[in-house]
Amino acid sequence: MDINEPRLGDQFSETQEGPVALDHLGEWQKTVNCDTLRPADVGREVILMGWVQRRRDHGGLIFVDLRDREGITQVVFDPQIAELCHERAGALRSEYVLAVRGNVRLRPEGMTNAKLPTGEVEVAAVELRILNSSKTPPFQVEDEVEASENIRLKYRYIDLRRPKLFKNLVARHKVAQLTRSYLNELGFLEVETPVLTRSTPEGARDYLVPSRVNSGKFFALPQSPQLFKQILMVAGFERYYQIVKCFRDEDLRADRQPEFTQIDMEMSFISEEDIYSLIEGWIEKVFLELKGSSPLAPFARMTYAESMDLYGTDRPDTRFGLLLTEVTDVVANSEFRVFRQAIERGGIVKALCVPGGKDLSRKELDDMIEFVKIFGAQGMAWIKIQPDGWQSPIAKFLAPEVQQALIERLSIDTGDLILFVADQKKIVNDALGNLRGRLGKQLGLIDPEALNLVWVTDFPLLEWDANEKRYTSVHHPFTSPVESDMELLDTEPEKVRSRAYDLVLNGIEIGGGSIRIHHQEVQRRVFQALGISGEEAREKFGFLLEALQYGAPPHGGIAFGLDRLVMLLCGCSSIRDVIAFPKTQKAICLMTNAPSEADVNQLLELCLKVEAERNA
RNA sequence: GGGGUGGUAGUUAAGUUGGUUAUAACGCCGGCCUGUCACGCCGGAGGCCGAGGGUUCAAGUCCCUUCCACCCCGCCA
C-alpha cells in the first residue's frame with residue numbers, strides 16, 4: 001500500500017483528457033467481495049474493489065454504493081477520517097471503477113438498510129484508488145431499469161453487469177458443471193468432435209465455411225455431433241458426452257439462436273429405460289440445485305399418438321387440463337356444411353370444452369378466431385352453454401341427437417364454452433393445441449410454480465413431406481425403427497414407429513433422442529424409405545454405413561438444449577437472457593456487428609466471388 | 001417469404017380531428033447540503049420525432065418506400 005505509487009493521471013493527463021486523475025492498482029488485493037460484510041466484521045480493515053452503483057453526495061459526507069458481481073456495500077467518505085479521500089470522491093460517477101481501503105463499522109442507529117444483505121454495516125474509506133473512469137452509461141445498471149433490447153445488446157458488457165443477467169449465467173455455469181460431474185461419475189467420457197465437418201442432407205440449413213486449402217470446397221458447421229457420437233460408440237467408447245455448440249442456419253425465435261449449446265450424450269448396450277433413468281437422475285440433481293426441489297422420478301410418460309390426440313402437439317403442457325376431444329364422428333352428418341365438407345375432404349373436427357367459459361366476450365371469441373387462423377384454420381365455431389339454452393351461430397345446424405351426443409362426448413355442463421375447429425388433421429391440432437395453450441395462460445389455469453415433466457414416446461419414424469413429395473425423418477435418419485414395425489417400411493411407412501423419445505417440460509421440448517440403427521442393412525432400408533438413393537447414401541453417409549459394418553454395438557443417446565433448460569430454470573422467456581452474447585432475430589451481433597463483409601483478398605484466397613445482392 | 005407490435009432527449013415513455021416554442025420521469029451538468037441508500041433542494045443543458053420520398057398553407061401526427069428491434073407463421077430431422 002504505497003501511497004507514492006504514481007497516478008495514471010500524471011502520465012496521461014497531457015495526452016488524454018480524462019474527467020479525473022486515475023490511480024494504479026499497485027500491490028492492492030481485493031480482500032472481500034461486496035456482499036460479504038456483516039456486523040461480525042466490524043473493526044476489520046478491508047479492501048473492496050468494484051463499480052460505483054450510485055453516489056450520494058451530502059456535501060460534508062459522500063456515500064458510494066460499491067458494486068461487484070456478488071453484491072453491494074456502502075462506502076462512506078468522511079472528511080474527518082480522510083480529507084483528501086473525501087475530496088476525490090466528489091469526482092466519482094456511475095460505473096467508475098474503484099479500489100477502497102477502509103474500516104468496517106456499524107451503521108448508526110436506525111440507519112441500516114434492510115434491502116441489502118450488507119445493510120447493517122458500511123466501510124469508512126481511508127484510501128481511495130480510482131482505477132478507471134466511465135462514460136455515462138447508456139442505461140442504468142439495475143434489474144428494474146428495462147432498456148430496449150437493441151441498446152442492451154449493443155452495450156452487452158454493461159447489460160451483463162445487471163445482477164439478473166449475471167445470475168442467469170451463474171445458473172448456466174452450475175448446470176454445466178453439475179452435468180459434467182454427474183456424467184463423469186457414471187463413467188462418461190467428454191470427447192470433442194469437429195466443428196469443421198461436412199454438410200449432410202436432411203435437417204436444417206448448414207452454415208458453410210469455405211476451405212482455402214481445398215478451393216471450391218466447404219466445411220459445414222455441425223447441426224449436432226450426431227454422427228460423430230455414433231462413430232465413437234462404434235469405436236468402443238461406450239459412454240460419451242459433450243457440452244457443445246451446434247449451428248443451424250434457420251430463422252430465429254425467442255427460443256432459437258443460430259448457435260446454441262447441446263448437452264449431448266450417447267451410450268452403448270442400452271435400451272430406452274436406461275436413458276430414462278439416467279436422465280431422471282440428472283434432472284433431479286439439476287432441479288434440486290437450482291430450484292430446491294425436483295419432480296419425482298419416474299417422470300410421466302405419454303405416447304406421441306396420445307399427445308397429439310389430447311394436446312394437439314408432441315410437446316404436451318400437462319400443467320392444466322382443457323384437453324382436445326375429437327368429435328368427427330358425432331358431427332359427420334350434421335347440417336353444418338363447414339364440418340361436413342372438412343370431413344368429406346379427409347379432415348377431422350375437434351373441440352375444446354372451456355368450463356365456465358360462457359362469459360367470454362364476443363371480442364375475445366373474435367380474437368380466438370383470428371388466433372387459430374395463424375395456424376391455417378379457416379375459422380372456429382363456438383357454442384355457449386347458457387342456462388336457457390345453446391347460444392351459438394351453429395346451434396341451429398345441430399340436430400337434437402347431435403347435441404345430445406356432443407353433451408356426452410364433451411361432458412358439457414351449463415356455463416361451458418365449446419370451441420370447434422374443422423380442417424385437415426394437422427391444422428386442427430395446430431390451431432386447437434395452440435389455442436389451448438393460450439387459454440391456459442389467459443384463464444390462469446397454470447400454476448406458475450409447476451414443473452411438469454413428461455416423456456413423449458413412440459414417435460412415428462417418418463412423416464410425409466408434401467412439398468418435397470417424399471418421406472422425411474421425424475427425428476433423424478439414424479433413429480431405429482421399432483423392430484416389429486419394420487415390415488411396414490415398404491407398405492405403410494407412416495405407420496412405422498421409431499425408438500425416439502423427447503423430454504418435455506411445461507410444454508417445451510428440452511431434450512430428445514433415440515435408440516440408433518446399428519445394422520447397416522436397416523440403415524440402408526431407412527435411407528431407401530427416405531428416398532435417399534444408394535449412391536447418395538454412399539456419397540453423404542458412406543463413412544457411417546461402413547462403420548456399421550465393423551462391429552457397431554447397439555447404442556442410443558439423447559441431447560438437451562442447455563439454453564432452453566436454463567431459460568426455464570431461470571424463469572426467462574427468451575434464451576437470449578441466458579446467453580452471454582446472443583444474436584438478434586436477423587442473426588446479427590449488435591456488439592461486434594458480425595457478420596461483416598469479407599476483405600477482397602480473403603475472398604481471392606478462397607476463390608470466392610460475391611455476386612450483387614439478389615433482387616427478389 | 002408472410003402476419004403483428006414498436007422506433008420521439010442519454011434512457012423509458014406521453015404527444016388530441018394535422019395547427020404557435022415537441023412534454024414528463026429517470027439520467028446528465030452546475031450550485032447547496034454530515035446519515036443517505038431511488039437522498040433532498042435550487043438552477044441548467046440536452047431533439048434530424050429511425051431514414052428517404054410524397055400530400056398539405058402547415059406533418060411527430062396522413063400516404064408510399066425503406067431500415068432496425070421484438071413476437072409469431074412458414075422454416076428449425
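By convention in this document, chain letters (A, B, ...) are assigned in the order of the sequence lines, proteins followed by strands, and residues within each chain are numbered from 1. The model shown is predicted, which means the values in this text are computed figures rather than measured ones.
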task: May I ask you to verify if any side-chain N or O of A:Arg56 is less than 4.0 angstrom from the OP1 or OP2 atom of B:C39?
output: yes
Same-atom distance (C1') from B:U17 to B:U56, integer angstrom: 15 Å
Nearest to side-chain heavy atoms of A:Pro79, which nucleotide of B:U34, B:C28, B:G35: B:U34
- line: Side-chain atoms of A:Lys586 come closest, of B:G35, B:G74, B:C68, to B:C68
message: Taking 4.0 Å as the cut-off, does a side-chain nitrogen or oxygen of A:Arg93 come that near to OP1 or OP2 on B:C29?
response: yes
field: ring centroid sep under 5.5 Å plus plane angle under 30, A:Phe139 with B:U11
entry: no
- prompt: Could you give the CZ-to-C1' distance, from A:Arg55 to B:G40, as a whole number of Å?
  reply: 14 Å
Distance test, side-chain N/O of A:Gln80 to OP1/OP2 of B:U34, below 4.0 Å: no
- request: Return no unless some side-chain N or O of A:Arg253 is found under 4.0 Å from OP1 or OP2 of B:C73.
  value: yes
- request: Among B:G35, B:C28, B:C76, find the nucleotide with the atom closest to the side chain of A:Glu122.
  value: B:G35
message: Going by centres under 5.5 angstrom and planes under 30 degrees, do the aromatic ring of A:His58 and the base ring of B:U36 stack?
response: no
query: Between B:G30, B:U12, B:G74, which nucleotide gets closest to the side-chain atoms of A:Ser148?
result: B:U12
query: Between B:U34, B:C76, B:A69, which one does the side chain of A:Thr584 approach most closely?
result: B:A69
Minimum-distance nucleotide to A:Asp251 side chain [options: B:C75, B:C71, B:U36]: B:C75
- request: Kindly say if A:Arg576 contacts the phosphate of B:C71, meaning a side-chain N or O under 4.0 Å from OP1 or OP2.
  value: yes
message: Nearest to the A:Asn150 side chain among B:U12, B:C29, B:A69, which nucleotide is it?
response: B:A69
